[in-house]
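A short worksheet on the structure shown next.
The structure displayed is predicted, hence computed values, not measured ones. Protein chains get the first letters and strands the later ones, always in sequence-line order, with residue 1 at the start of each. Excluded from the calculations below are hydrogen atoms, water molecules and symmetry mates; all remaining heavy atoms, backbone and side chain alike, are included.
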There are 2 protein chains.
Amino acid sequence: MPDTFLDKDTPANRFARAREAQAAALLEDYVEMIGDLTAELGEARVADIAERMNVSQPTATKSIARLKREGLATSRPYRGVFLTDEGARLADRVRARHRTVVAFLVRMGVPEEIAELDAEGIEHHVSQVTLSAFEAVLKGEDPA
Amino acid sequence: MPDTFLDKDTPANRFARAREAQAAALLEDYVEMIGDLTAELGEARVADIAERMNVSQPTATKSIARLKREGLATSRPYRGVFLTDEGARLADRVRARHRTVVAFLVRMGVPEEIAELDAEGIEHHVSQVTLSAFEAVLKGEDPA
DNA sequence: TGATAAGTATAGCTATGGCTATATTTCGTG
DNA sequence: CACGAAATATAGCCATAGCTATACTTATCA
């Protein structure tokens with residue numbers, strides 16, 4: 001499994017790697033949100049996506065176009081947005097990772113609300129190895 | 001103290017907040033690196049900055065221009081780059097935070113190398129509250 | 001000292017991810 | 001069913017952050 005979900009290959013140094021993770025982050029957020037909206041409302045509409053992401057509707061449309069290009073979502077003009085199988089799998093992994101990071105931070109003594117805020121940025125940079133370490137801590141196999 | 005070092009105000013939701021943190025991240029990295037180079041070599045040259053950041057020289061020049069605009073660094077044409085007092089203070093905080101995040105991840109059982117890689121992305125999204133929680137864990141006040 | 005090498009700046013391109021304004025389509029309802 | 005409201009798309013703008021190619025300065029050394 002790759003370190004970040006959308007990575008293809010491993011970049012040269014830590015800065016290049018962080019840049020790649022960042023590029024994937026936005027797509028990950030959109031995919032997760034579209035998954036959430038679909039589960040809640042049966043479909044993900046552009047207006048709802050834009051509202052939850054706190055961006056304007058044209059910005060959401062543009063990002064959705066990118067999701068489609070990347071094979072993560074589909075949509076027809078003036079219709080809702082849906083995840084492809086690949087998009088849905090990605091959404092599941094992103095959601096699980098998010099939950100793990102939040103739970104871990106809370107376990108470390110971070111207040112729920114702040115954990116939620118910080119996790120939003122942190123989660124996209126947590127490698128599989130680190131995620132497993134977090135899970136181990138949560139399971140009580142405390143390494144400290 | 002602000003959650004992220006360059007923040008002015010608090011954005012609307014977690015996504016907007018993560019976007020702000022990301023905008024600050026690049027500047028933080030440059031400032032830290034310029035501080036490192038100055039300490040090591042007496043001055044920070046554009047070519048060295050570019051090499052360490054793994055970007056081309058013109059890209060480094062452009063980012064340095066932004067640092068100057070933001071009042072974090074100074075430079076004269078064809079000469080080295082130097083941090084302002086504000087830049088130097090920021091560099092110190094960024095460096096300390098980076099060390100804390102790496103040490104914390106290592107304590108959680110993450111291998112040193114991976115901790116270093118992940119920290120590069122994570123550190124920019126760790127709020128002061130979360131950072132304090134990490135420090136507490138490192139001091140042995142284990143909350144688990 | 002003056003030619004060349006090394007370092008820096010500038011021009012100009014790309015893509016991303018924001019935005020507002022406006023056109024277009026779909027939907028709901030009188 | 002047709003009209004107005006709501007939703008979506010499109011056009012066109014901005015800044016950032018990357019790149020290559022090239023111009024210009026500075027520095028070195030024969």
Do any side-chain nitrogens or oxygens of [X] fall under 4.0 Å of OP1 or OP2 in [N]?
| X | N | result |
| --- | --- | --- |
| A/Arg19 | D/dA17 | no |
| A/Thr61 | D/dA9 | yes |
| A/Arg69 | C/dT16 | yes |
| A/Ser56 | C/dG18 | no |

In this structure, how many angstroms lie between the [atom2] atom of [N] and the [atom1] atom of [X], rounded?
| X | N | atom1 | atom2 | result |
| --- | --- | --- | --- | --- |
| B/Arg45 | C/dA6 | CZ | P | 12 Å |
| B/Arg66 | D/dG18 | CZ | P | 10 Å |
| A/Glu20 | D/dA17 | CD | C1' | 14 Å |
| B/Ile49 | D/dG18 | CD1 | P | 13 Å |
| A/Phe15 | D/dA17 | CZ | P | 14 Å |
| B/Asp29 | D/dT16 | CG | C1' | 15 Å |
| A/Leu27 | C/dT16 | CG | C1' | 10 Å |
| B/Met53 | D/dA17 | CE | P | 10 Å |

Any salt bridge linking B/Arg95 with B/Asp36? Criterion: basic side-chain nitrogen under 4.0 Å from a carboxylate oxygen. yes

Surrounding CD of B/Glu51 (heavy atoms of other residues, nucleotides or ligands, distance under 6.0 Å), is the total greater than 12? no

Taking for each residue the nucleotide of DNA chain C bearing the nearest heavy atom, is the 5' side occupied by A/Tyr78 or by A/Leu26?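 Per heavy-atom nearest nucleotide, the more 5' residue is A/Leu26.
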
Do B/Gln22 and B/His125 have side-chain atoms, one donor and one acceptor, less than 3.5 Å apart? yes

Any side-chain donor-acceptor pair under 3.5 Å between A/His124 and A/Glu28?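 Indeed, the side chains of A/His124 and A/Glu28 share at least one donor-acceptor pair under 3.5 Å.
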
Assess whether side-chain contact (heavy atoms from CB on, under 4.5 Å) is satisfied between B/Glu112 and B/Val102, documenting all intermediate values. CA-CA 8 Å; B/Glu112 180 82 37; B/Val102 171; 4.0 Å; yes

Among [options], find the nucleotide with the atom closest to the side chain of [X].
| X | options | value |
| --- | --- | --- |
| A/Arg79 | C/dC27, D/dG18, D/dA27 | C/dC27 |
| B/Pro58 | D/dA21, C/dG17, D/dA7 | D/dA21 |
| B/Lys62 | D/dA7, C/dG17, C/dC13 | C/dC13 |
| A/Thr59 | D/dG18, D/dC19, C/dG18 | C/dG18 |

I'd like to know if A/Gln57 reaches the base of D/dA9 with its side chain such that a donor and an acceptor end up less than 3.5 angstrom apart. yes

